[in-house]
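What follows is a single structure, written as structure tokens, with notes after it.
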Number of protein chains: 2
Amino acid sequence: MVPETGNRGVDATDENTGQTPQVPEPRKRKRLPRSEREQMIVEEAIRFFAEVGFEGQTRELARRLDITQPLIFRYFPTKEDLIERVYQEVYLSRWNPWWEELLEDRSQSLLGRLTDFYKAYAKAIFTYEWVRIFVYSGLKGVNINKRYLGLIRDRVLKRIMGELRAAHDLPTPEEIPFSEAELELAWGLHGSIFYIAIRKWIYEVEIPSDIESVIAVEAESFVNGAPKVVARLIGEQKRRTPGPHASTGR
Amino acid sequence: MVPETGNRGVDATDENTGQTPQVPEPRKRKRLPRSEREQMIVEEAIRFFAEVGFEGQTRELARRLDITQPLIFRYFPTKEDLIERVYQEVYLSRWNPWWEELLEDRSQSLLGRLTDFYKAYAKAIFTYEWVRIFVYSGLKGVNINKRYLGLIRDRVLKRIMGELRAAHDLPTPEEIPFSEAELELAWGLHGSIFYIAIRKWIYEVEIPSDIESVIAVEAESFVNGAPKVVARLIGEQKRRTPGPHASTGR
DNA sequence: GTTTTTAATTATCGATTGATCACAAATTGA
DNA sequence: TCAATTTGTGATCAATCGATAATTAAAAAC
């Protein structure tokens, strides 16, 4: 067994056989302020875990950082602590409250608002790191995903369906709460757009270079097709429960 | 260090302290025909890897099978061979050629065909095992995913858009090939429905118990909204390239 | 009933993994 | 200049992992 060294990625096994002995290269030791080094580790960890998943090994991460593996543990007590920090860094402060105002700005058409919102949303979170870490953590069952989807539902989808009703003189959610099926329509729009990111970053297949125009087409189809369905759903709901209603606004 | 035994999941560490010594329980050794045991291993491997991912350990898999860990390697030379077999078992022969005929059966409305198709499709592949293994292998970069998406595009989405054109007396794909944006509309429908499965099996959040009615609503919105967009896209395409066309039918 | 075949187990190996600790070296403060 | 502080490294540990080989025992063949 080869004695393990803390050397930065310099493999002990002699791969370059017959070559010059390839001196281990003493390498000037770089000393950084604590906060700076910590940020370096977190950022590289995001890239690394996004690529290989959370089972990625601390030694490989250290190699990419060009530091020794024990150094990681001088900044994060356990690997799990580092992963937790990665979650925070990826999810936190990528949410833009302005998006919610944008969706309600009735000086613009609903179609315009939807395309603008999803273009901005896609620009902010449709990245290799975000999408893959989101899916990886979803598979792990981390509840940060569930909270995030709740955010999407309450802050985005309900708002979209409220605006869609308003644009077609349909009852407000206070008068008739959103039905499950109605919210699913909004999930359909959201899914059709998020699926673009999944194809690109998870399956890594070719997708149109111009994502924004795809979003525009998707939103257009939604605005064309959803209102009639919503009207039908509300009509059925009304007929079933005349007078004051008690369905779930959820 | 505790000497490792091949015992089926019977942990060597004494967890039940203070209890009766808990005899190791000799356990009648069960002998099965080779093909039968092999199938058992594959099926449990599908469940197991779907749950924890492909980094799941052979010892844990063996424990669930109530067999010893080396036995797995008497049926599959390496773990990777077992995983490859899992791919085959999951993806192979879950494709129903009848689906393609169904989509082209013009004795039924397009909406009826779309809902019927996606209900059948969802029934066949929207399972915990299929969806999670598909995403896990996608993250790993296995090219079986890319091939499958190509199948979806060529056998399903192009067929859907061809039928949608026919239903609205629009040019055939031979006359005017599908544009990128037009196919993306179909990907939108597909994504909106597959996203249901992702929410359920990957993020594991609550979704409506009646998936079929969600599919119906999604398809209805698509049939309502997509044709106008397609007509516009084809109109623009026509105006740009009059006479014989040379765009990509992909 | 005896022999042959082969499914299954026991025991263990070599490599890998997260984590620890003593020590080295760079920076800071006096 | 020199001691104190703090970043970073080398060496190594205990547990875990995929995989192998010798052995046991159940079923099939005779």
Side-chain angles (χ1 to χ4, degrees), chain A residues 1-13 15 24-41 44-45 48-49 52-63 65-86, chain B residues 1-13 24-41 44-45 48-49 52-86:
Chain A
M1 180 164 7
V2 177
E4 183 178 339
T5 77
N7 274 355
R8 302 165 223 90
V10 181
D11 208 37
T13 59
E15 291 192 356
E25 195 184 341
R27 207 69 165 68
K28 187 70 176 294
R29 181 189 291 195
K30 270 180 197 162
R31 230 179 121 104
L32 294 181
R34 188 156 183 89
S35 64
E36 196 172 323
R37 177 70 77 191
E38 184 177 307
Q39 198 58 29
M40 272 186 63
I41 294 176
E44 189 62 44
F48 178 56
F49 289 138
V52 305
F54 295 113
E55 291 87 358
Q57 299 135 16
T58 55
R59 278 173 178 78
E60 169 66 12
L61 172 58
R63 199 190 55 74
L65 281 158
D66 198 32
I67 58 175
T68 58
Q69 180 249 6
L71 188 57
I72 294 172
F73 290 91
R74 285 189 51 89
Y75 287 84
F76 299 94
T78 68
K79 183 184 174 184
E80 200 53 40
D81 286 322
L82 173 57
I83 292 174
E84 209 65 37
R85 174 65 182 277
V86 164
Chain B
M1 180 161 12
V2 176
E4 183 176 341
T5 78
N7 272 356
R8 303 165 226 88
V10 181
D11 208 36
T13 60
E25 194 185 341
R27 207 67 166 66
K28 188 70 177 293
R29 181 189 292 195
K30 270 181 197 161
R31 232 179 118 108
L32 294 180
R34 186 155 186 89
S35 62
E36 195 172 323
R37 177 68 78 188
E38 184 177 308
Q39 197 60 28
M40 271 185 64
I41 294 176
E44 189 62 43
F48 177 58
F49 289 137
V52 305
F54 296 113
E55 292 86 357
Q57 299 136 16
T58 55
R59 278 173 178 79
E60 170 66 12
L61 173 59
R63 198 191 57 76
R64 295 190 184 200
L65 281 158
D66 199 32
I67 59 175
T68 57
Q69 178 248 8
L71 187 57
I72 294 172
F73 290 91
R74 286 189 50 90
Y75 287 84
F76 301 93
T78 68
K79 184 184 173 183
E80 199 52 40
D81 286 321
L82 173 58
I83 291 174
E84 210 65 37
R85 175 66 182 278
V86 165

_Whole angstroms only, please: what is the CZ-P distance between B:R63 and C:dA8?_
19 Å

*asked:* Whole angstroms only, please: what is the CD-C1' distance between B:Q57 and D:dA19?
replied: 14 Å

*Side-chain donor/acceptor of B:R31 to base of C:dT6, under 3.5 Å*: yes

*asked:* If you go through the side-chain atoms of B:R59, does one of them form a donor-acceptor pair with the base of D:dG18 closer than 3.5 Å?
replied: yes

_Can you measure B:L71 atom CG to C:dA11 atom P for me and round it to whole angstrom units?_
17 Å

*Inter- and intrachain pairs under salt bridge (Lys or Arg N to Asp or Glu O under 4.0 Å), touching residues 77-86 of chain A, at least two apart*: A:E38-A:R85, A:E80-A:K140, A:R85-A:E89

*Rounded to the nearest Å, what distance is computed from the CD atom of residue B:Q39 to the P atom of nucleotide C:dA7?*
16 Å

*Counterpart residues, ring-ring contact (aromatic ring centres under 6.0 Å, His included), relative to B:F48 (two or more places apart)*: none

*Using the test side chain to side chain contact (heavy atoms under 4.5 Å, CB included), find all partners of B:E55 that sit at least two apart in sequence or belong to another chain.*
A:E55

*Who are the side chain to side chain contact (heavy atoms under 4.5 Å, CB included) partners of B:Q57, not counting sequence neighbours?*
none

*asked:* Just the rounded figure in Å: distance from C1' of D:dT9 to CG of A:L65.
replied: 15 Å

*5' priority, DNA chain C, between B:R34 and A:F54 [closest heavy atom]*: B:R34

*Rounded off to whole Å, could you give me the CD-to-P distance for the A:E55 and C:dG18 pair?*
10 Å

*asked:* Measure CD/A:E38 against P/D:dT6 and give the value in whole Å, please.
replied: 16 Å

*Go through residues 72-82 of chain A and report each residue with a non-hydrogen atom lying under 4.0 Å from DNA chain D, sorted by number.*
A:R74, A:Y75

*Using ring-ring contact (aromatic ring centres under 6.0 Å, His included) as the criterion, list what pairs up with B:Y75, not counting sequence neighbours.*
none

_A:T68 vs D:dG8: side-chain N/O to OP1/OP2 distance below 4.0 Å_ = no

*asked:* Which heavy atom of B:I72 sits nearest to which heavy atom of B:T58, and what is that distance?
replied: CD1-O, 3.5 Å

*Atom CD of A:Q69 and atom P of C:dA19: how far apart are they, to the nearest Å?*
9 Å

*asked:* Working to the nearest 0.5 angstrom, can you tell me the gap between A:I83 CD1 and A:T78 OG1?
replied: 8.0 Å

